[in-house]
Enquirer: 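What follows is a structure written as structure tokens; I'll ask about it next.
Remember, it's 1-based here, ligands and their atoms both numbered in the order they're listed.
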Amino acid sequence: MQILFLGAPGAGKGTQCKRLARHLALPHLSSGDLLREAVKAATPAGLAAKSYMDKGILVPDPILIDMFREKLYTPECSKGFILDGFPRNVAQARNLDGLLEELNRKLSAVINMQVDDRLLSERITGRRVCSNKECNAPYHIKFAPPKADSACDLCGASIIRRSDDREDLVVQRLKTYNEETAPLIEYYDKRLLLRTVDGDGDPDEIFADLLRTLQVLA
Ligand code: AMP
């Protein structure tokens with residue numbers, strides 16, 4: 001299966017993608033995670049991407065396209081994959097179409113995680129994540145706090161806040177999403193691939209809904 005997720009920052013797609021990836025034993029390719037790793041490792045792509053990420057705007061398309069081209073050709077993606085955060089605009093979506101054609105693959109579905117705009121800001125600013133890259137467990141100070149004050153329930157590593165989850169960047173990130181990424185909803189709807197999942201509610205129920213939506217395709 002080749003599944004693509006759309007959703008505004010804070011819609012919860014990262015959490016659901018991770019869960020779905022474990023459930024289907026497919027790799028979860030998160031553009032944000034890949035970029036943050038590249039920034040941390042100070043690769044040329046990471047160095048070029050950092051200033052855009054710090055402003056909450058999109059990193060230039062060629063960086064993402066090269067990154068995903070390299071990933072999709074790896075053996076771990078041969079049974080399928082879950083795309084999270086790429087494509088983020090129509091130009092990237094067209095590039096992905098070409099890449100999938102080269103690989104002789106088709107998207108199985110595009111999931112649009114729908115959450116009311118008013119909830120997104122509170123979700124983003126309260127978001128925390130385990131600092132251990134291998135674990136990466138998601139938390140929220142109000143909706144899903146860790147049991148111990150600032151240690152991960154799963155691995156004990158410290159819980160951190162992403163540098164771009166600050167109040168002052170949230171408005172820009174939502175604007176970028178609405179202007180550049182939201183047109184992809186129509187792009188994939190026209191191709192009859194779009195499935196909408198309500199992202200507001202209990203994460204277990206959202207996951208069950210997601211599985212029901214995908215089973216329809218099986
Ligand atoms: P995310 O973790 O998905 O919220 O992404 C964090 C940041 O990485 C975004 O605010 C963008 O600056 C950058 N980014 C992630 N995915 C893409 C993409 N497909 N195209 C351009 N920039 C991206």
Enquirer: In the structure I gave you, are the side-chain heavy atoms of Leu174 and Leu120 within less than 4.5 Å of one another anywhere?
Expert: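 Of all side-chain heavy-atom pairs linking Leu120 with Leu174, at least one is under 4.5 Å.
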Enquirer: Heavy atoms under 4.0 Å from ligand 1: which residues qualify?
Expert: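 Ser31, Gly32, Leu35, Arg36, Met53, Ile57, Leu58, Val59, Leu64, Gly85, Phe86, Arg88, Gln92, Arg162, Asp164, Arg173.
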Enquirer: Would you mind reporting whether Val170 and Pro9 have side-chain heavy atoms less than 4.5 Å apart?
Expert: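 The answer is no, as the side chains (C-beta and beyond) never meet within the 4.5 Å cut-off.
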Enquirer: Kindly say whether the aromatic ring centers of Phe207 and His23 come within a distance under 6.0 Å.
Expert: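 Centroid distance Phe207-His23: below 6.0 Å, so yes.
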Enquirer: Tyr52: which residues meet the side-chain hydrogen bond (donor to acceptor under 3.5 Å, both in side chains) condition with it, sequence neighbours left out?
Expert: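 Once residues adjacent in sequence are excluded, Tyr52 has no partner under the side-chain hydrogen bond (donor to acceptor under 3.5 Å, both in side chains) criterion.
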Enquirer: Counting C-beta onward and ignoring hydrogens, is there a side-chain heavy-atom pair between Tyr139 and Ile141 closer than 4.5 Å?
Expert: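 SC-SC contact between Tyr139 and Ile141 ruled out.
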Enquirer: Side-chain contact, heavy-atom cut-off 4.5 Å: Arg19 with Asp204?
Expert: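 Touching, per the 4.5 Å side-chain cut-off.
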